[in-house]
Amino acid sequence: MHGTLSPLSSRKGDGARGGAFCPAIAAHGMLGEFGLMGAPGQPAGHTRHMHVTREHLVGISGDLTALTAPEARDLLVRRQISATELAHAVLGQIERTESQVRSFITVTADEALAQARAADVALGGSDPGATPPLTGIPVALKDLFCTTGVQTTAGSRILEGFIPPYDATVVARLRAAGAVFVGKANMDEFAMGSSTENSGYHPTHNPWDVSRVPGGSSGGSAAAVSAGQAILSLGTDTGGSIRQPASLCSVTGLKPTYGRVSRYGVVAFASSLDQVGPFSIGVEGSAMVLQAIAGADPMDATTAPFAVPDYRSTIRDGVKGLRIGVPAEYFTAGMEPDVERLVREAIQTLTSLGATVHPVSLPYSEHGLATYYIIAPAEASSNLSRYNGIKYGLAALDEVDMTRAMDATRQRGFGNEPKRRIMLGTYALSSGYYDAYYRKAQQVRTLIKADFDNAFASVDVIAAPVSPTVAFKMGARIDDPLAMYLSDVCTIPVNVAGLPGISVPCGFDHQGLPVGLQLIGKAFDEATLFRAAFAYEEATSFHRQRPPLAEQAGSEGSVNQAAMGAGKAGGPQRAPHA
Amino acid sequence: MTGTHHAGTSPATDYEVVIGLEVHAQVVTESKMFCGCSSRYSGAPPNTLVCPVCLGMPGSLPVMNRTAVEATIITALALNCEIPEFSKFDRKNYNYPDLMKGYQISQFDLPFSQAGWLEFDDPANPGQMRRAGITRVHLEEDTATLKHVRDSSGETYSLMDVNRAGVPLMEIVGDPDLRTADEAGSYLRAVRQILRYLGVSTANMDEGAFRCDANVSLRPWGQAEYGAKVEVKNMNSFRSVVRAIEFEIVRQRDLLDAGGRIVQETRGWVDDRAITVTQRSKEAAHDYRYFPEPDLPPIITPEAEVERLRSLLPELPDAKRQRFADAYRMTSDIADTLTQTRALAEYFEQTVNLSGNARAAANWITRDVLRILGATGAEIDQILLTPAHLADLIKLLDTGTISGRTAPEVLEEAVSTGSMPREIVQQRGLGQVSDTDALTTAVADAIASNPKAVADYRAGKATAMGFLVGAVMKATRGKGNPGLVNELLKQQLDG
């Protein structure tokens, strides 16, 4: 049985405990409307002693947006809540928080409610436990996953209006797993950035402090989960774009091994580095998502043919005897003292749980950033060539000449960061420079990877910081690309080596801003990362702390929802500012 | 290979002409190079054989067509190439509206094959062969097609058809070993013949399934380094390839003779004006910024796989021609004709097997069957006259059932109806009269009614015998066995 629960007392905002039972009762009343209560053999109170109940989980504030994915699954399967109710809760949370956070480029409320109703039909069948594992669980998708019939922009104006006629493989797999898609999350344009300020639409704000960035490039996906606007989300990580925003927003974020998850239908940034991964509150949600999306795809020749293990079956196995490597090189000079302290404390916590710590050396990681900023722009300069207005998206229709129209489309459609990287990459690949840049970068890449192979000969996971700093102020680095690039100094080598890495919340600095612990695994050994990360979060409570903004909006929402009745609480089709 | 040892027949006396050809051939496959769309785009309505992959939609990824890879390696083996164990695809980056992704997936430094050679007929020395090096055979994808239109109001615009985008395209790069335009033509025919023998490409130039660019340069005799190279494009027939090269040789020679300098550039052949014109100078040349295609893993071709593919190679034109000449004791001309296509050679050998008469089979095919093909424009496997029909006809002749005079009539009938010659002869009563009694009467009649011829014969005029035979044949409506008629005439006249 799952459902061992972290102590609720560790949450912020527990002061609402006193009057909390009423909304829960009201919500029960609403459930009756969906015909999900009192099904034969499933009386609401009956399982109270065996399972975590709605009252335990959401009774305090009545806030469904605070649920983790496994909790939501548990309640959905036991018909303690309905998928429609859960969809209304997150859509309501979007309505209440989006003006401050701005996680989304597109909110798909109608589609979400339609999917939720379908999920309720499935869950209302004779065996709700046999429904696909994400049935009825709200998921936000970074806006570079192609979604049939829903605009997909990759955060760029050049793809404005592009409505794919196909689903990315990961979207199709989540759909098959029963997920409810609440919207397309904001991102740095073409995933180029570490703050989501490079979005061609609007910046996203960190739910912990809206004057600060959420990290990037998957900032919208991280902020959405952090703010309770979705239970789960999907992002991509090319140089840290899942782990860094996860760290800055205090959620769990996993970058799987290159080749573990299909890239088909994922707007490409740097093809040899891009990888799709989940965000969640709590490690188990990420395991559920990876379970659904991982595995070989005939549409992506770079996916590995290896079988996908059952991640949740080993997630509770603990870390006794686990050998953790700690690379001195990753505790760099520019690191904020609080970050270093919290990461070292986290490693200490793991040893207190039975893991052993071993110093390892990754000397070539120092060159990770330089290597990355040759390879990634080189691939990007080629990947972004297709956006010329001929086939989809923005088109400079005022230009008569074919070539001029293509050039004008690119001039107008791309923001500064894609333009910068197209130039960098074009230069690096140019005749006469290829050997000095691209070829050399590939050689260094081999050395960086060899470092990790060497280290993993004697350890099972490597622990490191995610980001050298906590979330920085919006605008602080936007005019200083190098400072921005340094945000990813601890995450980039992992992409360069093609390895899996996870970020788990490991505390808050003196300003109350979140810090993440990075665990790096052997290739295709995500199971060990989940196991270590889960053991860590079980021993701590950081992942259960919510940004005050989310907490407040969530409790307002549960009161409102209770008063209005779930059926009337539909969210907006689009965020008002999208 | 520099080719300096070849005694070229350069029309420019002071210069050696250096020519290398790049041939693009569409590979015959069910589906496109990197997606599941049909590659049989001929005749399909525009933009109907497309998907996110060949349209270059965001997020789409290529998946390799194994059949196309095998076809490329088989072709390379037929062209005596080495097949490296490790090869990969690369991206060739350039921007043009017909290029869906802004790059073409091609092969740069590690192609499927390298360092081969090809023998072709030496146009200067009939019956002799020349050899040219093959630099490499690699695989890439075709582009979309653009149509530039001017409508009735005078407005111009371009239409794009993406059906062709992603069709597998093999590139056969030749070493600069050719020395005349005619050699280029001969080389090109040899390449086409091999592609068709292998069945890897229709190699039809008029359909765009077979394209040729020519690199032409001149250098003073004895000079080791090459002169500035001009790449000539836009030739859409074998004839235009030869003409374009001829033009380019003269243009460059005249320019050099006048003290000018050849600039490295790309020139286009303008067929109706029979000239080449500048398309792109070296300065404006693309930097394709090749780099390994990250969406496709490298391709490992183990030695065992190379040998498996080698075992699939059919007998190639040269070997077949040699074998025909030896085994069937035919002239090299006849052998050449019979091995023009693999289908024709097979037609011949089947006819031989069924009839047991190689000489007759060769005669009928080179004379009559090819005439029929030429007249109808049909392919050998499309006509009603099968090897079985032809063998039947040959056997009717060999057994004396019909005469050589009747045979053409039977053949025409078989060609047009598909009936077996044996049946035609029966139905139409065309069987040869070999009955001595029946012929004796006809011979006696001929002697009686042609006294002048009889007199001439007796006077020693040899032609008179022919006249009398003709008279008998006329009387028997051509069915008389000519040998028997001759014999009976002699008996009666000399008797």
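In this text the structure is predicted, and so the values were computed from the model without any measurement. Letters A, B, ... mirror the listed sequences (proteins, then strands); counts begin at 1.
Heavy atoms closer than 4.5 Å to chain B are found nowhere in T169(A), neither backbone nor side chain. Contacts between P298(A) and chain B at a heavy-atom distance below 4.5 Å involve the backbone alone (N, CA, C, O). Heavy atoms closer than 4.5 Å to chain B are found in both the backbone and the side chain of V267(A). Looking at Y387(A), the atoms closer than 4.5 Å to chain B (heavy atoms on both sides) all sit in the side chain, from C-beta outward. In this structure, the portion of F162(A) lying under 4.5 Å from any heavy atom of chain B is its side chain and not its backbone. Proximity to chain A is absent for every atom of M64(B), based on heavy atoms less than 4.5 angstrom apart. If you measure heavy-atom distances from F269(A) to chain B, you find no contacts under 4.5 Å at all. For chain A, the nearby part of Y290(B) is the backbone; its heavy atoms alone come within less than 4.5 Å. If you measure heavy-atom distances from L273(A) to chain B, you find no contacts under 4.5 Å at all. In this structure, no portion of A405(A) lies under 4.5 Å from any heavy atom of chain B.
Per-residue heavy-atom pair counts under 4.5 Å with chain A were compared for D295(B), V63(B), L55(B), and the maximum is reached by D295(B). Ranked by non-hydrogen atom pairs under 4.5 Å with chain B, the options S272(A), S382(A), G425(A) are led by S382(A). Of the listed residues C35(B), P294(B), P297(B), the one with more heavy-atom pairs under 4.5 angstrom with chain A than any other is P294(B). When each of C51(B), P292(B), P97(B), G36(B) is checked for heavy-atom pairs under 4.5 Å with chain A, P97(B) comes out on top.
Looking only at atom types and distance, the side chain of N95(B) has no donor-acceptor partner in the side chain of R410(A) under 3.5 Å away. In this model, no donor atom of one side chain and acceptor atom of the other lie less than 3.5 Å apart for D287(B) and S431(A). A donor atom on one side chain and an acceptor atom on the other are found under 3.5 Å apart for R386(A) and Y103(B).
Taking the six-membered ring for Trp and the full ring otherwise, Y438(A) and F291(B) have centroids separated by under 6.0 Å.
Between T302(A) and L296(B), the closest heavy-atom pair is CG2-N, 4.4 Å. Across Y264(A) and S60(B), no two heavy atoms sit closer than the pair CE1-CA, 3.7 Å. Here the closest non-hydrogen pair linking P58(B) and Y392(A) is CD-CZ, 3.4 Å. The two residues M402(A) and L146(B) have their closest heavy-atom pair at CE-CD1, 4.3 Å. The nearest pair of heavy atoms linking R91(B) to N383(A) is NH1-OD1, 2.8 Å. Between L61(B) and M299(A), the closest heavy-atom pair is CB-O, 3.6 Å.
Interatomic distance, CD1 of I390(A) versus CE of M160(B), reported as 6.0 Å (0.5 Å rounding).
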